[in-house]
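Note: hydrogens, waters and symmetry copies are ignored here, and every other heavy atom, side chains too, is used. As the structure lists them, so they are numbered: ligands from 1, and atoms in each ligand from 1.
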Amino acid sequence: MTVTPGRTRAGQVRHFLDLDRFDTETLRRILDLGAAYKRGDKPFGKDKPLSGRLLAMIFEKPSTRTRVSFEAGMKQLGGDVIVLTRSDTQLGRGETIADTARVLSRYVDAVMIRTDDPAKLCGLAEFASVPVVNGLTDDTHPCQVMADIMTYEEHRGSLEGKVVAWSGDGNNVCASWIQAAAHFGFEMRVACPPGLEPDAGVVAWATGNGAAVAIGHDPRAAAAGADLVITDTWVSMGCEETDRAGRLMPFQVNGGLMALAKADALFMHCLPAHRGEEVTDEVMDGPHSVVWDEAENRLHVQKGILTWCLL
Ligand code: CP
Ligand code: NVA
């Protein structure tokens, strides 16, 4: 059977929306593509497999890594991008997401969106006839967690049976990590302040799909013996409640917390980091930290995502 580019064998458009929509085999394929691009391989046999292809990127929130890594990745693969901010499109003036999806599909080969509203991502995917990629919503950040998994694997091998400790706000990045636990067989321990727990539906999906997920309020218990310690900003983009220091300071990843993890534990942060808040300089710049590899791997794994979506 011939597979039409950008469509699955079942004929559906290959969107990259969230990790709970995938089978593990497909995520493995994308991670392997990312690692191949990093090595300098040509997994599709060509230098420029996306030659002539265009990606539209809609940013309703700021970005450094996502913006630059997608653009660099598309260009390295022979394609190009069009960047649209909130004020550039008619979305801000009330044109529906469905109509926007229909129109963009006539001009470009794929659309990436960073938005506050997960319903916009889903609406775009429902009405676009080209692949849609989730570049972060208030709920999830799957491209980031794919890069994180790639980074863990390149430093330490498989995540299977490992302990991943999250300390801080149970936010969008945390949610994608919880979803990943159902695919990659690691134990996910989340320590967060009461009231900042990850979404119960995300936890229920992951545990219902075989993941070991524990949600608690003690960062030391979460980090004890962990193979990987992760944190993120206290205040995510669009978060109304900015005064969270009192609640989140006890979850700061500092030298004392890292000392409870395994001696060879890794530290990750999706960035941007707020040094002295959720993480200290000592940890960011210390021997456990792989944050710069993590940022670099956004480029490689997203090349895997883009070619999986489009080829
Ligand atoms: N980690 C991440 O997505 O960074 P940006 O907000 O800079 O894209
Ligand atoms: N949780 C952060 C991630 C930034 C990449 C936010 O949503 O702002």
Side-chain angles (χ1 to χ4, degrees), residues 16-19 34 55-74 81 83-86 111-118 120-121 133-152 166-180 190-193 195-199 202 228-245 247-248 251-253 266-275 277-279 284 289-306:
F16 187 84
L17 300 181
D18 271 312
L19 302 187
L55 171 72
M57 299 200 284
I58 303 172
F59 284 100
E60 297 191 325
K61 298 182 180 199
S63 169
T64 298
R65 280 144 287 269
T66 305
R67 162 79 168 74
V68 179
S69 58
F70 267 108
E71 179 157 351
M74 272 306 281
V81 298
V83 179
L84 301 163
T85 64
R86 197 187 283 269
V111 181
M112 190 231 74
I113 182 165
R114 166 168 287 198
T115 177
D116 50 352
D117 184 0
K120 281 192 193 161
L121 172 76
V133 177
N134 178 355
L136 179 148
T137 71
D138 282 6
D139 288 358
T140 56
H141 197 1
C143 291
Q144 180 65 53
V145 172
M146 290 294 279
D148 295 358
I149 293 167
M150 178 179 163
T151 306
Y152 189 90
W166 178 279
S167 186
D169 184 17
N171 66 13
N172 45 6
V173 180
C174 180
S176 289
W177 263 104
I178 291 169
Q179 291 172 340
V190 177
C192 58
L196 295 181
E197 291 87 358
D199 179 73
V202 169
L228 170 61
V229 178
I230 319 170
T231 191
D232 190 10
T233 180
W234 290 346
V235 183
S236 285
M237 291 178 280
C239 176
E240 305 293 324
E241 181 198 347
T242 50
D243 186 18
R244 290 176 150 200
R247 295 165 81 192
L248 279 155
F251 296 83
Q252 181 188 69
V253 180
L266 299 181
F267 168 74
M268 290 189 192
H269 189 309
C270 64
L271 309 179
H274 304 79
R275 290 166 178 260
E277 294 187 3
E278 74 273 7
V279 61
M284 273 287 285
S289 175
V290 289
V291 298
W292 313 124
D293 292 338
E294 199 186 344
E296 177 184 335
N297 287 337
R298 292 290 303 275
L299 170 69
H300 306 297
V301 89
Q302 287 163 193
K303 286 163 86 171
I305 291 168
L306 288 165

Considering only non-hydrogen protein atoms, determine which one is nearest to [atom] and report residue, atom name and distance to 0.1 Å.
atom	value
atom 2 (C) of ligand 1	R298 NH1, 3.3 Å
atom 3 (O) of ligand 1	H141 NE2, 2.8 Å
atom 4 (O) of ligand 1	R65 NE, 2.8 Å
atom 7 (O) of ligand 2	N172 ND2, 2.9 Å
atom 8 (O) of ligand 2	M237 N, 2.7 Å

Heavy-atom nearest neighbour of atom 6 (O) of ligand 1 within options M237, Q144, R114: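 Heavy atom nearest to atom 6 (O) of ligand 1 belongs to R114.
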
Pick from D232, T66, V235: the one approaching atom 3 (C) of ligand 2 most closely through a non-hydrogen atom: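 Among D232, T66, V235, the closest heavy atom to atom 3 (C) of ligand 2 comes from D232.
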
Show the atoms of ligand 2 that are less than 4.0 angstrom away from any heavy atom in L271.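 Here the atoms of ligand 2 in question are 5 (C).
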
Enumerated ligand 2 atoms positioned under 4.0 Å from heavy atoms of N171: 1 (N)

Does at least one non-hydrogen atom of L271 fall below 4.0 angstrom from an atom of ligand 1?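 Yes, L271 has a heavy atom closer than 4.0 Å to ligand 1.
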
Less than 4.0 Å is my threshold; does some heavy atom of K61 fall inside it relative to ligand 1? no

Identify the two heavy atoms, one from [X] and one from [Y], that lie closest to each other, and give their separation to 0.1 Å.
X	Y	result
A175	V202	O-CG1, 3.7 Å
L17	N134	O-ND2, 2.9 Å
P272	E278	O-OE2, 4.2 Å

Side chains of [X] and [Y], donor plus acceptor under 3.5 Å:
X	Y	value
D169	W234	no
D18	S176	no
N172	D139	no
T151	D293	no

T64 heavy atoms, cut-off 4.0 Å: which ligand 1 atoms fall inside? 5 (P), 7 (O), 8 (O)

Would you mind listing which atoms of ligand 1 come within a distance below 4.0 Å of any non-hydrogen atom of C270?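 The atoms of ligand 1 under 4.0 Å from a heavy atom of C270 are 1 (N).
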
May I ask you to check whether S236 has an N/O atom sitting below 3.5 Å from an N/O atom of ligand 2?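 Looking only at distances, the answer is yes, because the N/O contact criterion of under 3.5 Å is met.
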
Any donor and acceptor pair, going by atom type alone, linking the side chain of S167 with main-chain N or O of V253 inside 3.5 Å? no

Has the side chain of R298 got a donor or acceptor atom that lies under 3.5 Å from a matching backbone atom of S69? no

Could E241 and R247 be called an ion pair, given the rule that one side-chain N must be under 4.0 Å from one carboxylate O? yes

Is it the case that ligand 1 has an N or O less than 3.5 angstrom from some N or O of P272? no

